[in-house]
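Per chain, numbering begins at 1; letters A, B, ... match sequence-line order.
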Amino acid sequence: MLSAPHLNYALLAPILIILGAALLGVLVEAFISKALRSRLQIGISLIAVIAAFIQLIRVRNLTSTSAAVGSVAIDGAGIYIQLIILALAFVGLLYIADTDNFTAQASAIPGSTEEASSIAAGSQQTEVFPLTLFAIAGMMLFPIATDLITLFVALEVLSLPLYLMSGLSRRRRLLSQEAALKYFLLGAFSSAFFLFGAAFLYGYSGSLSLNGIADGVHSSGANSVFLLIGIIFLSVGLLFKVGAVPFHSWTPDVYQGAPTPITGFMAACTKAAAFGAMLRIFYVGFNDVQWDWKPIISAIAVITMVFGAIAAIVQRDVKRTLAFSSITHAGFILIAVVALSKNGLAAALFYFISYGFATLGAFGIVTLVRDSSGEITDLNRWSGLGKRSPLVASAFSLFMLSFGGIPLTAGFIGKFSVFTASYESGNINLVVFGVLTSAVALFFYLKIVLMIFFGESRSDTLTVVIPSILTRVAISICVIVTILLGVYPSLIFNSLQTFATFLH
Amino acid sequence: MDIANYLYLSAALFTIGAVGVIVRRNAIVVFMCVELMLNAANLAFVTFSRLNGNLDGQVASFFTMVVAACEVVVGLAIIVTIFRSRRSASVDDASLLKR
Amino acid sequence: MKANNYLVYLIALPLFSAALLLLLGRIADKWGHLLATLVSASTFAIGAYEFFAMRSRSGVDRAITQHVIQWISVGTLKVDGALLLDQLSICFVLLITGVGTLIHIYSISYMEHDENRRRFFAYLNLFIAAMLLLVLADSYLSLYVGWEGVGLASYLLIGFWNQRPAYATAAKKAFVANRVGDVGLSLAIIIAFTQFGTVSFAGVKAGAPHASSAALTAIGAMLLLAAAGKSAQFPLQSWLGDAMAGPTPVSALIHAATMVTAGVYLITRSNFIFDASSTARLLVVIVGAITLLFGAIIGTAKDDIKKALAASTMSQIGYMILATGLGPIGYAFAILHLLTHGFFKAGMFLGAGSVMHGMDDEVNMRRYGGLAKFMPITAITFGFGYLAILGIPPFAGFYSKDKIIETAFNAGGNKGWILGGAALLGAAITAFYMTRVVVLTFIGAKRWDSMAHPHESPLLMWLPMAILAIGSVTSGFLLSSGSALVHWLQPIVNAGNVEGGKELMKPLTVSLLALGVVVIGAGAAIIKYRTVASEAPSNISIFTKAARKDLYQDSFNEAVLMRPGQGLTDTLVKTDHNLIDGAVRGVGWTLNTISSAARSIQNGYVRSYALIMVLGTLALVATVWLVTL
Amino acid sequence: MLNLALQLGQTKTPEAVLFWILAPLAVLAGIGMLFAKKAVHSALLLAWIMITLAFFYIAQDALFLGIVQIVVYTGAVMMLFLFILMLIGVDSSDSLTETIKGQRATSITAAIGFGGLLISLIGRATVGHTALGLAEYNVKGNVQSLAEALFTKYVWAFEVVSALLITAALGAMVLAHSQKIKSRTLQRDLSAARFRGPSLSTAAGLPSSGVYARHNAVDVPALLPDGTPAPTSISATLKARGDMLDSKIFELEVKEVEED
Amino acid sequence: MKNILTVLELLPLFGVIALWLTPKENTKLIKQTAVAASLLTLVESFIAVWNFDIKFKGFQLVESYNWISAFHIKYAVGVDAISLTLILLTTILVPIVFIAGWHESEDGRFSPKTFYVLMLVLETMMIGVFAATDVFLFYVIFEAMLIPVYFLIAGYGRGERAAAALKFLLYSLFGGLLMLAAVIGIYIISTNQGVGTFDVNELSKLTIDQSTQNWLFLGFFIAFAIKAPLWPFHTWLPGAAKSATAGTSTLLLGILDKVGTYGMIRFCLTLFPGATKTFAPWIITLAVISILYGAILAIGQKDINSMIAFTSISHFGFITLGIFALTSQGISGATFYMINHGFSTAALFLTAGWIVKRRGSSQIADLGGLQRVVPVLAWSFFIAGLSALALPGLSSFVSEFLVLIGSFSQYPVATIFATTGIVLAALYVLLVVQRALHGEVKSGNESMVDLNLREKLAIAPVIALLVFLGFYPKPVLHPLNVATSTVMSQIGVTDPIAKADK
């Protein structure tokens, strides 16, 4: 007779809270009248995120490898990443709360009378909230999962809702649906790679857990062909999620097509989650074969940085530009992965925060710049925005500067810490590449700033909508975090020093 | 015959699946090719399970099936949506987002 | 050494006055010239006082210094703002303040109708201050300040009427030519510092015997370059003729009597360098000899009275430079000629100014003629200067120029013959062209048109001329009687200690010879210019043509320096834009191109994206395949 | 390859026979999937591959998986595929001509390289031990052992999968289910509307197809009392397909009736 | 007072807050507030000078607080004579720029308020960058400083200002990024040697092997060479100077670019003495090229502002020459040169700015005969020009000569080439003087008005300082000597002894 497994729910509570809230959200969809749903969903989601955050804070000093029968590791870095994801998700939710960005009726054919009447009736697809919560739960699980099965499940839990939500834009629905299709097909494709890699890792070590794989490296008398195949294919899956070149190609299209709040949420949180998982896998599972994978990941890091930065130069769409920017940043974080040290981990964690908030802020501002047919994403039409709305333009420029790594913004500290960690671990070449790429990247960030402030304002229908209070709060948070962490990063770094460890 | 043959088969099917994704245009066929890749991975899992003498691989394989099922639901829903708005299930037609 | 003295006021007073006049602006228009003249006169008074005070002292006590400020002190480089008044500098102080004051007085009247007279006087005061600083400095670096200060004053005064583009150009040309000389001075100072660890005259003098001859030659050559720039010596002579663009008093003061002689002062002051390097001396005499002939030849062809005089100045300074290169005794003779020249040339310039004043600023001598009748005083004072420069006894030039010719012959050997011959030839040509000037201007038929009403200048103008004329007559005798100046300067230049080489000719022979050539030259001029056309003839010999063109010095500069310089500038401007900035822009262009290419990869087809992923994975697998080989 | 084979150990002959019969067929089927013009054929080929795999699972001591493979994968998932294929047009066939420049050549090269390298790599692998087999685990029975792993070691993942299922369900709902915008109109409302309309001509309701017409086939419009055909009596689907006969031929010849 | 430097840094920021509270429409009040803030800062800087002990070797008025303890980064400030004089230069020039460019803020893309906010923020940063003794802090300000300048150029400039500003920014940031790599490198070295610090003093005690030194040195140097700017990293400067307002140009070339040469002394020399000696001949070559190249290009310029910019390139060549001569005259001269160049460039840009503003064109060809029309303005420009050509009697002469005298003993040939630069200097200054001030009054210039009292008040102190320091440089030069000797002993070099003394 089996004894009941001990799951240690206190440690899993944050994820369970989110999942519970998601279920509640599904029930709300089923049983609550349409008029109330939206507000109720927002409330449930935000409260759940806050509650999960609080619960995480409460258990922050606990560590465990036995929670969930060893499927997850509760350790400093894990908790930290979860906290980051929740914080970013909170801001993301504030944008998502502006349901005006989502289609009134996803099943209605774009342009049909049905759609028009749905819009007229004020319908809303409030399912985005439970979907978002599911995604958040997956994101939280992904970086703390310690076996390949849980990893795979978590990967899917975070991905499926995102596939769906990408297709829910209110305007330009054809594009949005196309984004969903592309994201889904390529995502499933990459999942297959992930799984194939997982199989070979299992084949090599006889274990699905990261520790088991690490042990396998020690004990196995075999050559490492299976291991290498496993690492490569698993990496492909992960690199896809983080948007590293050459597995990046979905990024611009999906970022452009998806509803902007979702893009922001996805860009910030997925990156943190996927990189969190990646860090754990490489730090814990593949630590002892680092000489096999470091050159490969280094090369990918360089290609990613350079490609992202260069390709962004000629982009004319603000969301695509931000997508390429996110690719570049993925390259930078990869540098931290390659550093394979406590400082590298800390740097990566900090980078999640600095990049995440800046990204959320930037996409938040994208939601504000509109004409009668919705958001304006053509950069040419952003020209002269500074004259129309200096505050919004300033905030956007701030985020650009943070992306560019200008001192006194969080982005700079992020880059600095990544470079430092990399340098420390001897990867000076990567630092040099990183530095040069930063210069190229600055080129387009600054061009945007230039255009916004000094471009000729075209007297067209561009307006900057008065943001809803929630959006306003969200953007403000992003601005404050970006500046505060730029000026006084010790707020984070002091705690990172105690937290940035993985349990083995 | 040796067990490695299963792995070769798995690799072959995986490759075929990948090629299918690249060359086929019908979204559903593309997706089926992805399923083929998942199946190839499953075969590898089962083979390795036997090789390593533990059941973890089979468990993984089982989870894959479940997950794949969910994926199929979502995926097909998306494909249907696309089809409804464009009257086409060709992935090449969905190429408005570019450059 | 005496502690309480008034050296600093010599500089401070005119400097202050200049600053005041410039800063006050139009307010000072009414009395500015008076203040300036007063200040100038007071500096002369102080100079005179100091002179007599010096005479009352004896031996080593004669030289006095005054420490004003600690100027520069970095590491071993310590330069004090200190003033040194010794036997050499007092000569200059008196010349500068004396002639300067006269010219101030002259200018009151000469510049009466110029609305910017105040500014003119401010510049004059500025010049006086700078020139005094030049001669009173106790170190090369302090001297440099005065050196450039006079350059600035000269620039300002040449360009006083700078609304005329040609005049502005002339001013710039003067300054730039001077700057070329300054490079020499800078380098001389720098080398001196690296050699001796100091830049004071005393320090360098003390160190000179221990220094390598190469270093000394280098310093000497650089000092010569500096002198050439300031004193319009070959090859930096070309600016002086153009500098006549300035008001005539300026030409008299700066470009005849004082500033242009600063080179002579510099070489004399640095006698310890030149004494120790024969190569440097050789360079000096070569430059001197060339210039004295060069200037003289140019002088023969000039129709512009001021330019003719300027050429003469160049030539006369050539004599002085030549003298300084002839060893210890030469320094004294150079200074002697410098002082006498200061009188007669200033006088002649003022005379020329007076003529121009009476002739409505006409400078072309071919439009003069027979003016002696209309401006007798001018004619007489000019005549005294003329006789002095020709070296007719007992006029001043006789005492000074003959000594130089004599010393040149005494240089010995072929050198003596060449230099002496050159000096003699120069004397002949000088006689020719000066006679030409006098004949064209004061004698012969009148060639001016009916509009002109030549008249004598007012008192304030002729009085200084008269005083200078007296100086032209007497100064030579006074200074050289009993070798007064030679003895006076002996502590500075060691003139008495070294005997000259073997005498080639007796002094009397030289004097007679000199007189002879002068008579020939003058006679030739009189014969040639009995009658003269009011337009310059065009069917002239190639030599005249060359002389008129200043022996092609400007053409040479233009072809060798200016055109290539402009070419270089244009090329570099283009290079900067196309090549260096182009490289930067090229980076941007390249990035853009690559970016566009990268953009085309993103073709929107999901299958292509998948293919890219597969290719990426393929690359990774291939890597592993290779690694595990 | 030899090396790996030695270490992995030999299987029994029947399995080898099974393998060498089914594996080539599976590969062929896979290749067939790439070339099948009709999606349905691809689906059937895939189903075939899945069934093959089920056999292999069973051959490799994974009885439960083999069954699940057939029941869930082949039975449920593939049917879903087929269902959707039906929905979007089962007849539709893919053109196999390549439209993206360079795609095909690159794909083929990549595929050959990819597969070749992968297989070559696997051939180089050593395992370090012989195949252990699952006899020990399957003593209790394959299903029981799997269940044990599932509900102890992997219980957390198992729980989380539920989230996935809900997501899938929710997703399908979002994308496919139309929310009702107005409250459903009842029979009563409809008839009220008919009478309140501007004209009473429609008050009686529409005739079915064929009424009073010479044929009562579904594509023949009904005739109205005045003898004119009523196009509205035909199903909209038929109309859309163009399967409607011209109503002209059904019109009655209206004779002039003289009135007294 | 304990926190003199911090207070000094904060005062302009208080000004910013005050500006923030000022109503946007009241332009006059805004200007007055800004001037008041800058004057207050000036006073505070005098207090700093008062508390400065000239004889003390090393940093004074030091403050140090933990900032980012994870990386041992401190907010550490302190000054030696070099930095203090540069701070003083800053605090003096800012109010002058405010007063001189009274209307500069008005026709920009943003409001006058923004202009002064940017300016004051810039002042804070400029003070901070010179005061920083923590390499990281220095770097942060070094880079962050660019942003306000960027907006000042692009927001208030002329012509192709946006492109010029972008170019400036990209150039500087590129250099800064290379420096960042080097900053990180030296920090890691310090960590490996068990110290883990960004403190300049501590870092200078590290032992770094030669090849590492070389790379790190280059990282720092290129950043500074771009900033300074040295040939061939200069092409951003003319555009920026051409486009920026006079006040911005003044601060940009007068102070900001000094950060480059200041950084060379503070970081390149003291942190990497070995590499310094290795690279010195090459850098000297670049410096001499800069001197001549800048001068020749200045001659060829048609735009008055870009001409001034090129003269600055020439002057920065002199400064670099002095620094890497590694003699006390060279370094002292170079540091003194920085001050003088600050004032002389300020004078040039401000006067040129007035001319351009009045004429409405910055083409030299459009000017002419200004001496007759606006004598005071012409004179101011002329004196500024004389200072640029290092006329003896003006302070720039002292420094230029010190540089030459200091470098000759080490690099005679280079020095001789550099010395010929003084002829070119005369040419470029006098050519523009001739074209702009002399000659006939060109049409369009007749109605220009001369300087008003405010403008006279602004330019007078600059000219006075140029003259005063020319005749009595001791108050500045003497403290600099102390700092120079400290630097020299840190590098481990001594002055050559005069040859004849041996």
Asker: Atom CZ of Phe56(D) and atom CG of Leu43(B): how far apart are they, to the nearest 0.5 Å?
Answerer: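 Here the interatomic distance stands at 7.5 Å.
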
Asker: Compile the donor-acceptor pairs under 3.5 Å between side chains in residues 58-83 of chain D and protein atoms, sequence neighbours left out, one pair per line.
Answerer:
{"residue": "Gln60(D)", "atom": "OE1", "partner": "Arg50(B)", "partner atom": "NH1", "Å": "3.2"}
{"residue": "Gln60(D)", "atom": "NE2", "partner": "Thr47(B)", "partner atom": "OG1", "Å": "3.1"}
{"residue": "Gln69(D)", "atom": "NE2", "partner": "Asn39(B)", "partner atom": "OD1", "Å": "2.9"}
{"residue": "Gln69(D)", "atom": "NE2", "partner": "Met50(D)", "partner atom": "O", "Å": "3.3"}
{"residue": "Tyr73(D)", "atom": "OH", "partner": "Glu35(B)", "partner atom": "OE1", "Å": "2.6"}
{"residue": "Thr74(D)", "atom": "OG1", "partner": "Gln69(D)", "partner atom": "O", "Å": "3.0"}

Asker: Do you know which two heavy atoms are closest between Ser42(D) and Val29(B), and how far apart they sit?
Answerer: OG-CG1, 4.0 Å

Asker: Do Val66(B) and Leu164(D) have side-chain heavy atoms sitting under 4.5 Å apart?
Answerer: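 No; the side chains remain at least 4.5 Å from each other.
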
Asker: Check step by step if ring pair (Phe, Tyr, Trp, His ring centres under 6.0 Å) holds for Tyr154(D) and Phe62(B).
Answerer: CA-CA 11 Å; Tyr154(D) 297 106; Phe62(B) 173 74; over 10 Å; no

Asker: What part of Ser90(B) gets closer than 4.5 Å to chain D, counting heavy atoms only: side chain, backbone, both or neither?
Answerer: neither

Asker: When heavy-atom pairs shorter than 4.5 Å are enumerated against chain D, which of Val23(B), Val67(B), Asn52(B) gives the highest number?
Answerer: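 Result: the option with the highest number of such pairs is Asn52(B).
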
Asker: Check the pair Phe63(B) / Leu150(D) against side-chain contact (heavy atoms from CB on, under 4.5 Å), numbers first and verdict last.
Answerer: CA-CA 9 Å; Phe63(B) 271 104; Leu150(D) 217 47; 3.5 Å; yes

Asker: Hey, which residues of residues 72-80 of chain B are touching chain D, say heavy atoms under 4.5 Å apart?
Answerer: Val72(B), Val73(B), Val74(B), Leu76(B), Ala77(B), Ile78(B), Val80(B)

Asker: By a 4.5 Å heavy-atom criterion (distance strictly below it), what part of Ser61(B) contacts chain D: side chain, backbone, both, or neither?
Answerer: both

Asker: Can you check whether Ile16(B) reaches Met33(D) side chain to side chain, under 4.5 Å on heavy atoms?
Answerer: no

Asker: Under a 4.5 Å heavy-atom cut-off, does chain D meet the side chain of Leu38(B), its backbone, both or neither?
Answerer: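 When you check distances to chain D, only side chain atoms of Leu38(B) fall under 4.5 Å.
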
Asker: Need one label for Ala18(B): side chain, backbone, both or neither, based on atoms under 4.5 Å from any heavy atom in chain D.
Answerer: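 Neither the backbone nor the side chain of Ala18(B) comes within 4.5 Å of chain D.
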
Asker: I'd like to check Tyr6(B) versus Glu15(D) (side-chain heavy atoms, cut-off strictly below 4.5 Å). Are they in contact?
Answerer: yes

Asker: Using a 3.5 Å cut-off and no angle test, enumerate the donor-acceptor pairs between side-chain atoms of residues 156-163 of chain D and protein atoms at least two apart in sequence or in another chain.
Answerer:
{"residue": "Ser162(D)", "atom": "OG", "partner": "Glu159(D)", "partner atom": "O", "Å": "2.3"}

Asker: Select, from Leu121(D), Leu146(D), Val27(D), the one with the greatest count of heavy-atom pairs under 4.5 Å involving chain B.
Answerer: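 Ranked by heavy-atom pairs under 4.5 Å with chain B, first place is Leu146(D).
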
Asker: Under 4.5 Å heavy-atom distance to chain D, tell me which part of Leu13(B) shows up: side chain, backbone, both or neither.
Answerer: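 The answer is the side chain of Leu13(B).
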
Asker: Against chain D, label Asp92(B) side chain, backbone, both or neither, depending on which of its atoms sit under 4.5 Å from a heavy atom there.
Answerer: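 For Asp92(B), side-chain heavy atoms alone lie under 4.5 Å from chain D.
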
Asker: Among residues 167-175 of chain D, which residues come closer than 4.5 Å to chain B, judged by heavy atom distances?
Answerer: Ala168(D), Ala172(D), Leu175(D)

Asker: At a heavy-atom separation under 4.5 Å, does Leu9(B) approach chain D through its side chain, its backbone, both, or neither?
Answerer: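 Contact with chain D involves the side chain of Leu9(B) alone.
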
Asker: Could you pull out the closest heavy-atom pair between Leu165(D) and Cys70(B), with the gap in Å?
Answerer: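 Scanning both residues completely, I find the closest heavy atoms to be CD2-SG, 3.2 Å.
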
Asker: Flag the pair Val59(B) / Lys153(D) as yes when at least one side-chain heavy-atom distance between them is below 4.5 Å, and no otherwise.
Answerer: no

Asker: State, with a plain yes or no, whether a side-chain heavy atom of Leu55(B) is found less than 4.5 Å away from one of Asn142(D).
Answerer: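 SC-SC contact between Leu55(B) and Asn142(D) confirmed.
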
Asker: For Leu34(D) versus Gly20(B), what's the shortest heavy-atom pair and its separation?
Answerer: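 Here Leu34(D) and Gly20(B) meet closest at CD2-CA, 3.2 Å.
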
Asker: Is there a side-chain contact between Asn42(B) and Tyr57(D), using heavy atoms and a 4.5 Å cut-off?
Answerer: yes

Asker: Under a 4.5 Å heavy-atom cutoff, which of Ala12(B), Ser49(B), Ala89(B), Ala69(B) has the most pairs with chain D?
Answerer: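 Highest number of pairs under 4.5 Å: Ser49(B).
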
Asker: In terms of heavy-atom pairs under 4.5 Å with chain D, which of Glu71(B), Gln58(B), Arg87(B) leads?
Answerer: Gln58(B)

Asker: Closest heavy-atom contact between Ala111(D) and Thr15(B)?
Answerer: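 Looking at all heavy atoms of both residues, the shortest contact is O-CG2, 3.5 Å.
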
Asker: Please look at Phe48(B) and chain D and tell me whether the side chain, the backbone, both or neither of the residue comes under 4.5 angstrom of a heavy atom of that chain.
Answerer: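 For Phe48(B), there is no contact with chain D at all, as no heavy atom is under 4.5 Å.
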
Asker: Using a cut-off of under 4.5 Å on heavy-atom pairs, state which of Ala149(D), Gly116(D), Ala43(D) scores highest against chain B.
Answerer: Ala43(D)

Asker: Taking C-beta and beyond as the side chain, do Leu45(D) and Met32(B) meet within less than 4.5 Å on heavy atoms?
Answerer: no

Asker: Set out, in order, the CA-CA distance, both residues' side-chain angles and the distance that settles side-chain contact (heavy atoms from CB on, under 4.5 Å) for Tyr8(B) and Leu118(D), then state yes or no.
Answerer: CA-CA 8 Å; Tyr8(B) 296 130; Leu118(D) 204 54; over 6 Å; no

